[in-house]
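Contents: one structure, followed by commentary.
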Amino acid sequence: MPLFILFLLLVASIGRGEDSFFHPSVRSPRLGEVVYFLLPDRFNDGDPSNNTGKSASADPNENGFDRTNPHFFHGGDLAGISAKLDYLRDLGATSIWMSPIFRNRVVQHYSGGPKAGYHGYWILDFTEVDPHFGSKEELERLIANAKGHGIGTILDVVVNHTANVIQPKNGVHDYQYKFSKPYLDANGRPFNDRDYINREDFPRLDPETSFPVPPTFLSEEDRKIKVPDWLNDPTVYHNRGDASTGGESAQYGDISGLDDLFTEQPRVVRGMIDIYSNWLKEFDITGFRLDTVKHVNNEFWQSFIPAIRDAAEKSGRKDFFIFGEVYDPDPAFTSEFAHRASMPSLLDFGFQKAVRGFASGMASPANLAAFFAKDSYYTTPAVNAYGLVTFLGNHDLGRIGYFLANDVSSASDDELLARDVLAHAVLFFTRGIPAIYYGDEQGFTGKGGDAAAREDMFGSMVPDFAQEKRIGGGDGSAPAFNEDHPLFREIREMISVRKQNPTLQRGVQVVRYADANPGILAVSRVDRERREEMLVVFNNSGAASKANIKVYSSAGNWERVFASGGKGINFGPGPDNQLSVELAPWSALVLRNPQPIEAGTEPLGELHLEANRNCEIDERWEIKAESKSDKVLSIAFGVRVKGEANYKFLGTADSPPYRVLPTWDKVPQAPDLEFEAVARDLFGTETKADFEWHRRQGRH
């Protein structure tokens, strides 16, 4: 471990624009979105004639349709979504995110029995709509009708794998590691594919000699079953066996036997760019959700995402919405893909876990505050945590209703409803772009994750689905588009409040109060341009809770914008110009101060800056600033090689802890560096601090 000599310099307040490199914290152009995620097969059946996918067979094991089996098609389709656009608009959705709609292998056989590709992730033809869902013409009608309702369309993009078609010729399914069985080129010479990523001289491969698990097919039909045709070449797959729990196999192994694409090859990169660029050219799509991001090498995404953005811009969609799935709740891990894989946004699995614990009362407000303190992990010059897509449950994990019912098994129906509303209040009123999982607004619970969380909105014949007990009421065997359902009403109101108050979409978020035990969590949301402050307060305790909360604006001018618990919610001026708040059990309160935050007379004071080449995340710097000022500050960070004139901008932090954690390669590799932090308040006053970093020679 090298030793470093560190120097700290403090600089007093400076006027705005005096040799300052300050950049405001970036905001995603999609912060006004409310995403509604659905599986077309499970949402609404608008055309029963396509339920068997136009198959001539009446056998579910061939046509994939069986409404009594949770693992088979149930009949939902694109026409069904079109028929319910009024419902989605009334709820407040601005985008529909659909699971993959491309033509799938109808049925795949597993040790537990046959399963159908109703979910869309077993793609055979990347160029056509699955006939169970309809046609390209129906997709075009859905997109146009949704746009007429003010709703965009987001497609789910799969590049990691195709359907399970290729089989191991040697019968080996266990993963074969590269250190013991390297790839061989067509002439039998071993090579490391990492040395040739995206290179045009990538070695030529031979299906018989190049792979530790030589590929073969069960039938002649399977040899030509995929579209486009290049996907039928077995050398464009990794062919190393099934993925295990992690490590190398996470990127090179077959997940659930699905054919894992060799995304290190430029041929595969170009092929996937062409596939999805063509969908962009053909249809007025507003966004892509990227599946299984962590199972694909970063270099692929570094090529794919800019190419897709370019294709979208050429089609007239400058702010094309792209977000990726990294199935992991640890921000230290998921943030790596913002830094190293060019991800403009990610699904926030850490948020889901933290809010589940908070809403169930299993975790304290301080735990949720500690989670938000890790938002700095995501900060780069181009992205930050404000642009993450937040959610409470999904088709893999399970539903928030299921988690609450299990975490608080003794809860009454009224308590579960209140906790569910509380969870959604955190979703809609804290930072991020909220995504609703279809059916949550109708109290769906399910019995776990995966297939157990994929009920039918149009009434189910699956016994477990039909008989499930829903939060807030409802009959699982009947259609569930009830706009009078208590959760639908509460969610609609919260979405309306969010839409009417841009501060709740874009505003700086600062945690102002957090109890160490179940009780109060309070966050300020501040619009920098209008200097407007809103205060969001949550109580996750089973008792009424009180708190005196420091605010940035006057404590005497607040007005109520939203309250989820009608009784026992009070607020007013408290001691020392704080706001005194009392909340009912499991409730949320949103307040707004109509008067702008005033400048005040206190100076910004000193800023302390420190930089460390190692931090809690491997191969990341930690550059942090501390200020004793109680004003709303944004602090921009920069670095330069000593002696150079200009600083390289590293990102801006909007709330404590003020820090950025860039990867090693984003900071110049030099023995002498100069870091600078520039803090700016709401009125343009700035203060800055400098920090000199030196590598001591002789230690490595």
Do [X] and [Y] have side-chain atoms, one donor and one acceptor, less than 3.5 Å apart?
X	Y	result
Asn517	Ser364	no
His339	Arg620	yes
Arg512	Tyr552	yes
Ser634	Arg680	no
Gln595	Asn557	yes
Asp450	His395	no

Sequence neighbours excluded - side-chain hydrogen bond (donor to acceptor under 3.5 Å, both in side chains) pairs with any residue from residues 380-394: Ser25-Asn384
Determine whether the aromatic ring centres of residues [Y] and [X] are separated by less than 6.0 angstrom.
X	Y	value
Trp97	Phe321	no
Phe351	Phe349	no
Phe37	Tyr438	no
Phe488	Phe481	no

For the pair [X] (side chain) and [Y] (backbone), establish whether a donor and an acceptor sit closer than 3.5 Å, ignoring hydrogens and angles.
X	Y	result
Thr445	Lys469	yes
Glu582	Ile569	no
Asn593	Trp558	no
Thr334	Asp330	yes
Thr94	Val34	yes
Gln578	Pro575	yes
Arg89	Gly150	no
Glu441	Gly439	yes
Asp456	Asn44	no
Asn501	Val497	yes

In the structure I gave you, are the side-chain heavy atoms of [X] and [Y] within less than 4.5 Å of one another anywhere?
X	Y	value
Phe323	Leu347	yes
Arg498	Gln505	yes
Val632	Val510	no
Tyr87	His149	no
Leu535	Leu579	yes
Ser496	Lys499	no
Arg560	Leu591	yes
Ile322	Ser345	no

Least distance between heavy atoms, [X] atom then [Y] atom:
X	Y	result
Tyr377	Ala332	CD2-N, 3.5 Å
Ser460	Phe465	OG-CB, 3.2 Å
Ser545	Gly519	OG-CA, 4.0 Å

Salt bridge or not between [X] and [Y]? Use side-chain N to carboxylate O under 4.0 Å.
X	Y	answer
Arg399	Asp440	yes
Glu676	Lys688	yes
Glu483	Arg492	yes
Glu33	Arg506	no
Arg489	Glu493	no
Asp475	Arg470	no
Lys447	Glu468	no
Asp654	Arg27	yes
Arg30	Asp319	no

For Asp527, what residues pass the side chain to side chain contact (heavy atoms under 4.5 Å, CB included) criterion, not counting sequence neighbours? Thr503, Glu529, Arg530, Glu532
Please determine whether the number of non-hydrogen atoms from other residues, nucleotides or ligands lying under 6.0 Å from atom CD of Glu622 exceeds 12. yes
Verify the neighbour count for atom CD of Glu598: are there more than 12 heavy atoms of other residues, nucleotides or ligands below 6.0 Å? no
Worked check of side-chain contact (heavy atoms from CB on, under 4.5 Å) between Phe637 and Lys624: CA-CA 9 Å; Phe637 296 87; Lys624 60 182 179 180; 5.6 Å; no
Rounded to the nearest 0.5 Å, how far does CD1 of Ile471 lie from CD of Gln442? 12.5 Å
If you round to the nearest 0.5 Å, how far is CG of Asn539 from CH2 of Trp586? 9.5 Å
Over 60° means perpendicular and under 30° means parallel, so classify the ring planes of Phe675 and Trp621, tilted if in between. tilted
Who passes ring pair (Phe, Tyr, Trp, His ring centres under 6.0 Å) against Phe428, sequence neighbours left out? none
Do Asp396 and Arg454 pass the salt bridge (charged side-chain N to carboxylate O under 4.0 Å, His left out) test, and can you show the C-alpha distance, the side-chain angles, and the key distance before you say yes or no? CA-CA 9 Å; Asp396 292 324; Arg454 302 172 184 176; 3.4 Å; yes
Tell me, with the steps shown, if Arg525 and Glu533 meet salt bridge (charged side-chain N to carboxylate O under 4.0 Å, His left out). CA-CA 6 Å; Arg525 304 296 307 273; Glu533 181 178 13; over 6 Å; no
